[in-house]
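Single-structure report; data block below.
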2 protein chains.
Amino acid sequence: MPTDRSPTRIQKKNRATILEAALEVFSNHGFRGATVDQIAKAAGLSKPNLLYYFPSKEAIFTELLSGLLDTWLDPLRALDPDGDPLEEILAYVQRKLQMSRDFPRESRLFANEIVQGAPRMLDSLSKDLKPLLEEKSALITQWMDAGKLNRTHSKHLLFSIWSLTQHYADFDVQVRTLMEDEDPFDSAPQHLELMFRRLLAPDHIAG
Amino acid sequence: MPTDRSPTRIQKKNRATILEAALEVFSNHGFRGATVDQIAKAAGLSKPNLLYYFPSKEAIFTELLSGLLDTWLDPLRALDPDGDPLEEILAYVQRKLQMSRDFPRESRLFANEIVQGAPRMLDSLSKDLKPLLEEKSALITQWMDAGKLNRTHSKHLLFSIWSLTQHYADFDVQVRTLMEDEDPFDSAPQHLELMFRRLLAPDHIAG
DNA sequence: TCCTGATTTGACCAACTGGTCAAACTCACG
DNA sequence: CGTGAGTTTGACCAGTTGGTCAAATCAGGA
């Protein structure tokens with residue numbers, strides 16, 4: 001087992017390699033569906049060697065989750081109270097859509113976990129996500145009170161943004177099967193822009 | 001093994017019981033995460049007895065999938081070319097939302113499978129879902145051509161409906177964690193109605 | 001009632017899975 | 001170089017899992 005001392009070059013490299021491999025495997029098969037052997041193979045290590053760096057399969061998974069959740073929520077944190085409300089939200093939508101295109105494995109990792117009841121994530125949801133949602137949905141409600149946005153249920157609005165954008169990562173196989181000829185990510189930005197602009201633009205200055 | 005003859009009373013009952021139990025277990029844990037023992041226990045049968053009615057775990061799963069996909073797509077089939085376009089689509093949205101409330105296990109069963117690449121469903125997607133999507137998205141495009149609906153990408157529109165409505169079943173744990181005090185299904189219908197009405201209403205007769 | 005096919009089960013098996021361990025090997029540094 | 005800590009691995013283990021099988025039990029028509 002690696003000591004408590006500052007990590008060696010090898011430790012740093014191998015832990016990173018393992019987490020990358022784990023992301024690949026866990027996002028494709030879920031926690032239960034993934035095997036330590038699969039992860040080890042994907043990382044180019046033997047199973048005992050992998051377990052030299054992490055005490056258990058569960059430990060890999062939870063470290064991966066908590067490490068990724070933070071960056072996953074960055075776009076929402078970036079919602080700026082001082083920006084133009086409509087443009088802030090539209091930009092958030094596009095940023096989230098970009099993340100579905102660029103980091104689909106992260107999205108599927110969370111999706112897998114939550115669909116199955118989030119047994120290893122409920123804490124993070126209440127502790128990290130909930131306060132952030134409360135803060136930002138309050139901000140959005142303020143914007144609506146000020147007449148800068150058409151009035152909607154601000155929490156459902158955020159759920160809608162998550163749902164619509166992550167759909168393109170989580171259900172990628174289905175979307176691509178049904179859109180053979182066209183890359184979904186070519187037309188999705190326009191579609192979502194239109195959708196949220198018409199929903200939120202005050203007094204119908206819709207695009 | 002049951003013979004090819006017409007099923008006995010016991011066969012009918014037990015096969016139905018098993019499929020119900022399998023839905024419960026598979027929707028909560030995914031294919032790999034579910035065990036035959038779990039299903040047998042949930043069905044109140046011994047494992048060998050369960051395997052007397054189905055040849056394998058895989059067979060239970062595929063029969064369950066194909067049996068449910070049909071009814072799952074009924075609301076889309078019901079989209080009526082002769083109805084009022086906007087009301088037809090809004091009604092479809094509400095029907096789908098109802099299904100998320102009333103049959104969340106079915107929704108999660110499909111979600112689990114598709115997030116993991118739909119290894120056992122790709123055929124059904126191309127063979128059953130694709131033609132239906134083509135038919136209905138063509139219908140919607142016609143409606144838009146006729147000026148009955150605001151113009152959008154009709155396939156993305158259908159993806160959006162699926163995504164938004166099924167989100168309340170698939171991500172139920174997350175939604176409820178973040179909405180402690182309120183039942184999501186109380187306010188979701190209004191929210192989605194507003195969303196699609198504003199998106200689709202021609203010349204802005206928005207609600 | 002009796003008999004035959006349908007149903008149920010305890011015991012079992014081979015493959016897989018997460019994890020352990022002692023021995024071997026490698027690397028950086030004095 | 002040599003040496004001790006850091007790293008890697010083959011062999012192994014116990015628990016789980018999907019599935020089999022022969023024997024036991026049950027149901028219903030003649």
Side-chain angles (χ1 to χ4, degrees), chain A residues 1-65 112-113 116 119-120, chain B residues 1-65 112-113 116 119-120:
Chain A
M1 164 180 10
T3 61
D4 289 343
R5 287 219 276 288
S6 66
T8 62
R9 181 179 46 89
I10 295 179
Q11 275 171 39
K12 248 186 253 182
K13 193 195 64 180
N14 279 350
R15 285 183 59 96
T17 306
I18 290 169
L19 287 174
E20 156 66 26
L23 172 59
E24 181 70 23
V25 176
F26 280 134
S27 68
N28 281 332
H29 304 285
F31 179 77
R32 184 66 147 67
T35 72
V36 177
D37 268 316
Q38 269 179 309
I39 301 173
K41 196 169 182 180
L45 300 173
S46 66
K47 184 170 60 166
N49 197 9
L50 182 147
L51 289 168
Y52 169 73
Y53 290 100
F54 289 89
S56 68
K57 179 185 174 183
E58 181 104 20
I60 304 176
F61 190 75
T62 55
E63 176 149 341
L64 191 59
L65 273 188
N112 254 311
E113 189 62 8
Q116 299 189 8
R120 286 160 267 264
Chain B
M1 158 176 20
T3 60
D4 288 343
R5 285 220 276 287
S6 67
T8 62
R9 181 177 46 89
I10 296 178
Q11 275 171 39
K12 248 186 251 182
K13 193 195 64 177
N14 279 349
R15 285 182 60 95
T17 307
I18 291 169
L19 287 174
E20 155 66 26
L23 172 59
E24 180 69 23
V25 176
F26 280 135
S27 67
N28 281 333
H29 304 285
F31 179 77
R32 185 61 148 69
T35 73
V36 177
D37 268 316
Q38 268 178 310
I39 300 173
K41 196 169 181 179
L45 299 173
S46 66
K47 185 171 61 168
N49 197 8
L50 183 147
L51 289 167
Y52 169 70
Y53 291 101
F54 289 89
S56 69
K57 179 185 175 184
E58 180 104 18
I60 303 175
F61 190 75
T62 55
E63 178 149 340
L64 191 59
L65 274 187
N112 254 310
E113 188 62 9
Q116 298 188 8
R120 288 161 265 266

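The analysis underlying the following values was restricted to heavy atoms, covering all of them including side chains, and did not include hydrogens, waters or symmetry mates. Labels below follow one simple rule: chain letters A, B, ... track the order of the sequence lines, proteins then strands, and each chain is numbered from 1.
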Item checked: Value rounded to 0.5 Å, distance of NZ in A/K57 from CG in A/L50 -> 11.5 Å
May I ask you to verify if any side-chain N or O of [X] is less than 4.0 angstrom from the OP1 or OP2 atom of [N]?
| X | N | value |
| --- | --- | --- |
| B/N14 | C/dA6 | no |
| A/Q11 | D/dT7 | yes |
| A/T8 | D/dT7 | yes |

Spacing of [X] atom [atom1] relative to [N] atom [atom2], expressed in whole Å:
| X | N | atom1 | atom2 | value |
| --- | --- | --- | --- | --- |
| B/K13 | C/dA6 | NZ | P | 17 Å |
| A/F54 | C/dT20 | CZ | P | 15 Å |
| B/L45 | C/dG10 | CG | C1' | 16 Å |
| B/Y52 | D/dA22 | OH | C1' | 15 Å |
| A/R9 | C/dC29 | CZ | C1' | 14 Å |
| B/N49 | D/dA23 | CG | C1' | 15 Å |
| B/L50 | C/dT7 | CG | C1' | 13 Å |
| B/F61 | D/dG18 | CZ | C1' | 16 Å |

Next item on the list: From the options B/Q38, B/E20, B/K41, select the one residue that forms a side chain to side chain contact (heavy atoms under 4.5 Å, CB included) with B/V25.
Entry: B/Q38
Notebook entry, point to check: For B/L19, which of B/I39, B/L64, B/N14 qualifies under side chain to side chain contact (heavy atoms under 4.5 Å, CB included)?
Noted result: B/L64
Checklist line | N/O donor-acceptor pair under 3.5 Å between A/R15 side chain and A/Y53 backbone | finding: yes
Margin query: Nearest heavy atom decides the nucleotide; on that basis, is B/A34 or A/Y53 closer to the 5' end of DNA chain D?
Written below: A/Y53
Next item on the list: For A/R32 and for B/P48, find the nucleotide of DNA chain D with the closest heavy atom, then tell me which residue's nucleotide is more 5'.
Entry: A/R32
Margin query: Tell me whether the rings of A/F31 and A/F26 are parallel (<30°), tilted (30 to 60°) or perpendicular (>60°).
Written below: parallel
Notebook entry, point to check: Donor-acceptor pair under 3.5 Å: do we get one between A/K47's side chain and the base of C/dG18?
Noted result: yes
Check: Base, sugar-phosphate alone, or nothing: which one does B/L51 contact when heavy atoms must sit under 4.0 Å apart?
Finding: base
Check: Nearest to the side chain of B/K57 - C/dT8, C/dG10, D/dG19?
Finding: D/dG19
